[in-house]
Undergrad: 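Below is a structure I'd like to ask you about.
Please read these numbers as outputs of a predicted model, since none were measured by experiment.
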Amino acid sequence: FYILKKVLSGIFLTLAVLLLLVFILAPVAWLIISSVSSQKELLQMPPNWFPWPPDFSRYKQLLFGAGQSGTTLTDFTLRAFRYSLRNSMIIATSVTVLALIFGSMAGYAFARIKLPFGNKLIYVLLVSQMIPVAVLLIPLYITIGKLGMLDKLPTVIILLVSIHLPFVVWMLRGYFQTLPAEMEEAALVDGANRLQVLLKVILPVSLPGLFSAAAYTFMQSWNAFMIPLIFTSSDTARSVTVAIAMFIGRNYTDYSLMCAAGVLASLPPVFLAVFFERYLLSGL
């Protein structure tokens, strides 16, 4: 009876994992299939699950080509998409670097320095993450408009840093608290100040935590939609998430082209997770 129970539990667990994988990976698989299918194959019933030969012309069109039939709308959206890839990389990289710089200093201060109301302030940071971004959009838009900073990449970077910084501080504070305090005490006895301790002692042994915080910030900044949508308007300032939405036309939508753009837009976060998997798991 015990062996039967163990076998049944193993089968149930395996089926549950398979169902979870299908639920997670099925949309991704259909995105890839659609990106290499022709428009006719996408509309036929029953669906063609394995298009052959696969059509990679959409990827070539997105990265190097012009719109089909010389349509102005398609040419415009293709140029906007190429600009948006560059913009998203600039935004995500800048937000990640700034969040790590300020987050590491603030996280170390909350973890090691006795601040007035320090234990209460860290929870104030956490509560700030519970405020919906949509609530802040109108006052932020009015303020930034009066400052003449609309449709600029630095504006998007600053806003995303302010949104993600509290969680980065919380993550790094928790990681710094797991480190033995004896290392810092030895450095302080040798005459180092707090900033030197952070830069030369804490950060070199905190790479897993830093990579985890960096991966979280990069992915969230890369996938950001609401802030770039509201605060940018030109094709030279939009992020890739907003540019993909421009492929939906009033009278016609090239779903294969839009899916190919989705695949290209998802590659940087995927590569980041694959290459730094060891650091991510140990840091979390």
Undergrad: For Arg112, which residues count as a salt bridge (charged side-chain N to carboxylate O under 4.0 Å, His left out) partner, sequence neighbours excluded?
TA: Glu184
Undergrad: Decide whether Val242 and Met89 are clustered together by the hydrophobic rule: side chain heavy atoms of Ile, Leu, Val, Met, Phe, Trp, Tyr closer than 4.5 Å, transitively.
TA: no
Undergrad: Between Arg194 and Tyr108, do the side chains contain a donor N or O and an acceptor N or O under 3.5 Å apart?
TA: yes
Undergrad: Distance check, rounded to the nearest 0.5 Å: Lys60 atom NZ versus Asp55 atom CG?
TA: 11.0 Å
Undergrad: What is the minimum heavy-atom distance between Phe64 and Arg82, and which atoms define it?
TA: N-NH1, 3.8 Å
Undergrad: Is it the case that one hydrophobic cluster holds both Ile227 and Ile142, taking links as side-chain heavy atoms less than 4.5 Å apart, direct or via other members?
TA: no
Undergrad: If you round to the nearest 0.5 Å, how far is CG of Leu210 from CD1 of Ile202?
TA: 10.5 Å
Undergrad: Mark yes or no for whether Ser9, through its side chain, and Lys6, through its backbone, hold a donor-acceptor pair below 3.5 Å.
TA: yes
Undergrad: Treating Gln220 as the side-chain partner and Thr217 as the backbone partner, does any N or O pair qualify as donor plus acceptor under 3.5 Å?
TA: no
Undergrad: For Phe102 and Val169: C-alpha separation, side-chain torsions, deciding distance, then whether side chain to side chain contact (heavy atoms under 4.5 Å, CB included) applies.
TA: CA-CA 8 Å; Phe102 295 113; Val169 173; over 6 Å; no
Undergrad: Identify all side-chain donor-acceptor contacts of residues 153-166 below 3.5 Å with residues at least two apart in sequence or on another chain.
TA:
{"from": "Thr155", "atom 1": "OG1", "to": "Met149", "atom 2": "O", "distance (Å)": "2.5"}
{"from": "Ser162", "atom 1": "OG", "to": "Ile158", "atom 2": "O", "distance (Å)": "3.4"}
{"from": "Ser162", "atom 1": "OG", "to": "Leu159", "atom 2": "O", "distance (Å)": "2.6"}

Undergrad: State the CD-CG distance between Glu185 and Leu188, to the nearest 0.5 angstrom.
TA: 7.5 Å
Undergrad: Which heavy-atom pair separates Ala265 from Val240 by the least distance, and what is that distance?
TA: CB-CG2, 3.7 Å
Undergrad: When the aromatic ring centroids of Tyr123 and Trp170 are compared, is their separation below 6.0 Å?
TA: yes
Undergrad: Would you check, one step at a time, whether the test side chain to side chain contact (heavy atoms under 4.5 Å, CB included) holds for Trp222 with Thr241?
TA: CA-CA 8 Å; Trp222 183 273; Thr241 51; 5.6 Å; no
Undergrad: Just checking, any donor-acceptor pair under 3.5 angstrom between side chains of Tyr59 and Ser35?
TA: yes
Undergrad: Should Leu137 and Leu229 be regarded as members of a common hydrophobic cluster, given that ILVMFWY residues are connected when their side-chain heavy atoms come within less than 4.5 Å of each other, either directly or indirectly?
TA: no
Undergrad: Hey, are the side chains of Ser239 and Ser84 touching, using non-hydrogen atoms and a 4.5 Å cut-off?
TA: no
Undergrad: So, for Arg238 and Ser233, which heavy atoms are closest and what is the spacing to 0.1 Å?
TA: NH2-O, 2.5 Å
Undergrad: Quick one: do Phe225 and Val263 end up in the same hydrophobic cluster if we chain Ile, Leu, Val, Met, Phe, Trp and Tyr together by side-chain heavy atoms under 4.5 Å apart?
TA: no
Undergrad: How about Val95 and Phe218: do any of their side-chain heavy atoms sit closer than 4.5 Å?
TA: no
Undergrad: Measuring only between side-chain heavy atoms, which start at C-beta, is Phe176 closer than 4.5 Å to Leu203?
TA: yes
Undergrad: Is there a side-chain contact between Phe231 and Leu140 in this structure, where contact means two heavy atoms from C-beta onward sitting under 4.5 Å apart?
TA: yes
Undergrad: Checking side chain to side chain contact (heavy atoms under 4.5 Å, CB included) for the pair Val201/Val205: CA distance, chi angles, key distance, verdict?
TA: CA-CA 7 Å; Val201 178; Val205 298; 5.7 Å; no
Undergrad: Specify the closest pair of heavy atoms between Ser34 and Ser256, including all atoms of both residues, with the distance to one decimal.
TA: O-OG, 3.3 Å
Undergrad: Rounded to the nearest 0.5 Å, what's the gap from CG on Asp190 to CD on Gln196? Could you check?
TA: 11.0 Å
Undergrad: Evaluate the side-chain proximity of Leu125 to Phe110: yes if any heavy-atom separation is below 4.5 Å, no if none is.
TA: yes
Undergrad: Less than 4.5 Å apart, side chain to side chain, heavy atoms only: is that true for Leu179 and Ser206?
TA: yes
Undergrad: Does either side chain, that of Ser234 or that of Asp151, offer a donor lying less than 3.5 Å from an acceptor on the other one?
TA: yes
Undergrad: Is it true that, when you exclude Met105 itself, more than 12 heavy atoms of the residues, nucleotides or ligands shown sit nearer than 6.0 Å to its CE?
TA: yes
Undergrad: OG of Ser266 to CZ of Phe271: how many Å apart, nearest 0.5 Å?
TA: 9.0 Å
Undergrad: Checking Ser88 side chain against Leu85 main chain: does a donor-acceptor pair fall under 3.5 Å?
TA: no
Undergrad: Can you name the nearest heavy-atom pair linking Ala213 to Val168, along with the distance?
TA: CB-CG1, 4.1 Å
Undergrad: Tell me whether Leu63 is reachable from Leu267 by hopping between hydrophobic residues (I, L, V, M, F, W, Y) whose side-chain heavy atoms are closer than 4.5 Å.
TA: yes
Undergrad: Donor-acceptor pair, distance only, cut-off 3.5 Å: does the side chain of Thr93 make one with the backbone of Ile90?
TA: no
Undergrad: Between Asn87 and Thr236, what is the shortest heavy-atom contact and its length?
TA: ND2-O, 2.9 Å
Undergrad: When you measure from the side chain of Trp49 to the backbone of Trp30, do you find a donor-acceptor pair of N or O atoms at a distance under 3.5 Å?
TA: no
Undergrad: Within this structure, what is the CG-SG distance for the pair Leu257 and Cys259, rounded to the nearest 0.5 Å?
TA: 9.5 Å
Undergrad: Take atom CD1 of Ile138 as the centre, draw a 6.0 Å sphere, and report whether it contains more than 12 heavy atoms from other residues, nucleotides or ligands.
TA: no
